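Read the numbers this way: they start at 1 and go in the same order the structure lists the ligands and their atoms. Keep in mind that this is a model prediction, so the values were computed, not measured.
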Amino acid sequence: MEIGWMRNQRQRQVLVFFVLLSMSGARAELGPYSVVEETERGSFVANLGKDLGLGLTEMSTRGARIISQGNKEHLQLKVQTGDLLINEKLDREELCGPIEPCLLHFQVLMEKPLEIFQAELRVKDINDHSPVFTEREMILKIPENSPLGNAFPLSNALDLDVGSNNVQNYKISPNSHFRVLTRNRSDGRKYPELVLDKELDREEEPEISLTLTALDGGSPPRYGTAQVRIEVVDSNDNAPEFGQPLYKAHIPENSPIGSLVVIVSASDLDSGINGKISYTLFQPSEDTSKTLKVNPMTGEIRLRKQVDFETVQSYEVDIKATDGGGLSGKCTLLLQVVDVNDNPPAVTMSALTSPIPENSPEIVVAVFSVSDPDSGENGKTISSIQDDLPFLLKPSVKNFYTLVTKRALDREERAEYNITITITDMGSPRLKTQHNITLLVSDVNDNAPDPLTVYLVIALAAVSSLFLFSVLAFIAVRLCRRSRAASLGRCSVPEGHFPGHLVDVTGTGTLSQSYQYEVCLTGGTGTNEFKFLKPILPNIQAQDPGRNSEENPSLRNSFGFNFQ
Ligand SMILES: *[C@@H]1O[C@H](CO)[C@@H](O)[C@H](O)[C@H]1NC(C)=O
Ligand SMILES: *[C@@H]1O[C@H](CO)[C@@H](O)[C@H](O)[C@H]1NC(C)=O
Ligand SMILES: *[C@@H]1O[C@H](CO)[C@@H](O)[C@H](O)[C@H]1NC(C)=O
């Protein structure tokens with residue numbers, strides 16, 4: 001019992017000593033030893049016997065053994081020789097991670113007598129890992145027109161190796177915009193930074209793809225790569241531009257409201273809102289804004305109100321394209337209105353003689369003018385009357401016509417003529433206007449009366465003459481008597497003088513009429529208004545119509561009209 005206690009007590013003492021010894025650190029130090037990681041199993045590290053100054057067999061007799069940290073059998077001791085060997089391949093990265101130096105602590109324990117030696121094995125790094133980017137693709141959004149020298153940090157690559165075997169350098173694939181700098185982080189790691197060397201233009205190159213390479217310091221260096229995609233962010237650096245500076249368009253007048261005139265189109269190199277274009281009419285005149293409208297989204301220009309060639313023949317207006325960033329561009333629209341034959345000719349009667357005295361030579365019975373507001377062929381006119389009538393249409397000055405008799409008319413043959421003046425324009429389709437006039441033929445006493453009438457007329461004339469003579473004789477006798485009584489003087493009968501052309505030569509109560517007129521036009525003003533029409537009474541015989549028309553056919557025509 002006593003002995004048992006004593007033994008227990010002694011064991012406890014040994015244990016306490018052992019614990020104290022291990023806690024107090026090495027009583028003696030061995031090493032340091034070092035081995036390169038990944039060295040094959042069984043490789044020699046050191047001869048501990050030699051290092052401890054022990055004889056060849058002493059290691060074995062003293063019961064030497066290795067105590068490893070955490071009971072890992074990284075090393076083995078050949079007690080016969082005292083050689084310390086690698087028991088298993090050592091992976092520095094697994095054992096120490098990023099910690100450098102990587103030290104494995106172990107003890108050499110001698111049991112007889114008890115002795116402990118502290119030792120450490122340094123596991124040296126070899127370059128057995130390549131740099132790896134955790135982000136295999138990096139996307140960078142960089143505004144175009146960023147200032148030169150701007151730096152854009154990128155994610156670094158990781159390398160399990162340490163020291164110079166870790167990442168030392170970054171490189172970027174050749175490009176014209178960026179270079180890469182290798183920067184030090186506070187923890188010693190190195191990270192890449194892109195530096196802008198040449199301005200970015202999204203419109204030229206919206207996206208740039210680069211290969212980033214991380215290199216470690218091994219020999220030869222190991223490397224890892226990642227893709228860097230740079231998306232150039234738009235800034236509103238482009239104004240909208242029209243496909244053409246001038247748009248020419250034609251549209252027939254009276255095209256329906258809403259008719260498409262033209263589609264203008266501008267483009268803007270910027271993207272998003274900076275490239276979104278809206279169209280407006282730029283400072284349109286009141287006329288234009290009433291006539292044209294533009295679709296702000298599509299650039300379609302359509303008719304708002306109708307166009308009328310006779311009112312406005314062309315429109316010129318600027319169209320503005322504005323992008324979402326407020327930049328704008330302009331173009332000009334030249335719109336020609338094309339005439340359509342939409343106006344029939346019009347007739348204006350200037351003078352009309354009716355009734356026409358029968359038996360007159362060729363005379364003018366009507367003067368009229370023709371107008372058509374359309375232009376070109378649409379405004380050219382042809383005038384005609386029925387061809388079975390004894391009348392002729394003759395063109396006169398400008399757009400005037402005269403209607404003349406072909407020959408002397410005979411009231412007894414036909415007393416009334418319905419004349420249809422037809423005016424047709426040359427447009428397509430042809431438009432026609434008709435104007436109806438009725439001409440009466442007045443009677444002139446050109447027929448011999450029947451015998452009974454002749455006798456009656458003679459008798460009436462005789463009676464009238466006799467009566468007149470009697471009255472005159474009576475007055476004469478009375479006057480002679482009175483003067484004879486006064487002074488025995490002479491006797492006279494008064495003579496009457498009457499203008500021949502006003503005498504009622506027929507005795508039927510009609511006066512002979514002059515049918516020659518002077519037409520006065522306000523020449524040269526372009527209005528061709530009829531000013532007045534006055535009869536030229538005295539000179540029917542004095543004028544030779546044929547000769548006058550030869551002298552000046554256009555101004556004094558054969559029908560006795562003087563155009564002044
Ligand atoms: C980064 O650190 C290395 C040493 O690790 C040093 O030689 C170099 O000058 C440093 N570079 C910068 C930019 O600080
Ligand atoms: C002329 O027209 C009128 C009606 O406008 C008609 O009464 C007359 O008979 C016509 N005269 C001739 C000769 O056709
Ligand atoms: C003119 O007279 C013609 C023939 O009588 C007739 O057909 C036409 O309708 C008339 N035109 C007008 C405008 O009165």
Side-chain angles (χ1 to χ4, degrees), residues 253-254 308-310 339-449 506 508-517 519 521 527-530 533 535 557-561:
E253 62 172 335
N254 299 342
D308 179 19
F309 180 85
E310 283 70 40
D339 187 40
V340 168
N341 193 21
D342 56 345
N343 291 288
V347 186
T348 310
M349 291 303 296
S350 297
L352 181 65
T353 306
S354 178
I356 314 158
E358 65 174 339
N359 293 340
S360 309
E362 200 177 79
I363 62 162
V364 171
V365 295
V367 178
F368 63 92
S369 64
V370 171
S371 63
D372 189 324
D374 292 321
S375 72
E377 293 294 298
N378 294 335
K380 282 189 189 158
T381 58
I382 296 173
S383 304
S384 63
I385 55 168
Q386 306 96 305
D387 52 12
D388 56 351
L389 297 179
F391 296 95
L392 267 183
L393 262 190
K394 290 197 175 181
S396 179
V397 284
K398 283 220 160 173
N399 40 5
F400 274 84
Y401 286 86
T402 52
L403 181 66
V404 298
T405 53
K406 270 187 198 169
R407 54 175 165 79
L409 302 177
D410 184 0
R411 197 192 82 87
E412 284 69 30
E413 184 193 327
R414 186 165 170 184
E416 185 186 68
Y417 291 93
N418 285 337
I419 302 175
T420 300
I421 301 168
T422 304
I423 300 114
T424 313
D425 68 24
M426 305 291 283
S428 173
R430 299 197 165 186
L431 297 178
K432 185 169 84 172
T433 297
Q434 286 191 332
H435 188 85
N436 290 342
I437 55 174
T438 300
L439 292 176
L440 301 174
V441 183
S442 66
D443 190 35
V444 172
N445 192 14
D446 53 348
N447 288 314
T506 63
T508 59
T510 58
L511 293 176
S512 77
Q513 286 190 343
S514 168
Y515 33 81
Q516 202 158 28
Y517 292 86
V519 177
L521 298 170
T527 56
N528 286 333
E529 277 171 14
F530 188 72
L533 185 67
N557 54 41
S558 56
F559 338 117
F561 277 75

Which protein N or O atoms sit under 3.5 Å from any N or O of ligand 2? Give each pair with its distance.
residue: ligand 2; atom: 2 (O); partner: Asn418; partner atom: OD1; Å: 3.4
residue: ligand 2; atom: 2 (O); partner: Asn418; partner atom: ND2; Å: 2.3
residue: ligand 2; atom: 11 (N); partner: Glu416; partner atom: OE1; Å: 2.7
residue: ligand 2; atom: 11 (N); partner: Asn418; partner atom: ND2; Å: 2.9
residue: ligand 2; atom: 14 (O); partner: Asn418; partner atom: ND2; Å: 3.3

task = Examine the side chains of Asn343 and Asp372 and answer whether a donor and an acceptor come within less than 3.5 Å of each other.
result =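 The answer is no; no qualifying pair exists.
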task = Under 4.0 Å from a heavy atom of Thr420: give me the atoms of ligand 3 that qualify, with their elements.
result =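 Here the atoms of ligand 3 in question are 1 (C), 2 (O), 3 (C).
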request  = Please tell me if the side chains of Leu393 and Phe368 come closer than 4.5 Å, counting only heavy atoms from C-beta onward.
outcome  =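 Side-chain contact under 4.5 Å: yes.
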key: Beyond-backbone contact of Asn378 with Asp425, side-chain heavy atoms, under 4.5 angstrom   =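 No; the side chains remain at least 4.5 Å from each other.
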request  = Measure from the side-chain N and O atoms of Glu358 to the backbone N and O of Arg411, and report whether any donor-acceptor pair falls under 3.5 Å.
outcome  =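 Side chain of Glu358 to backbone of Arg411, a donor-acceptor pair under 3.5 Å: yes, one is there.
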task = Please name all residues satisfying side-chain contact (heavy atoms from CB on, under 4.5 Å) with Asn254, sequence neighbours left out, ordered by chain then number.
result =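 By the side-chain contact (heavy atoms from CB on, under 4.5 Å) rule, Asn254 matches Gln306, Asp342.
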task = Of all the heavy-atom pairs spanning Leu352 and Ala366, show the shortest one and how long it is.
result =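 Of all heavy-atom pairs spanning Leu352 and Ala366, the closest is CD1-CB, 3.7 Å.
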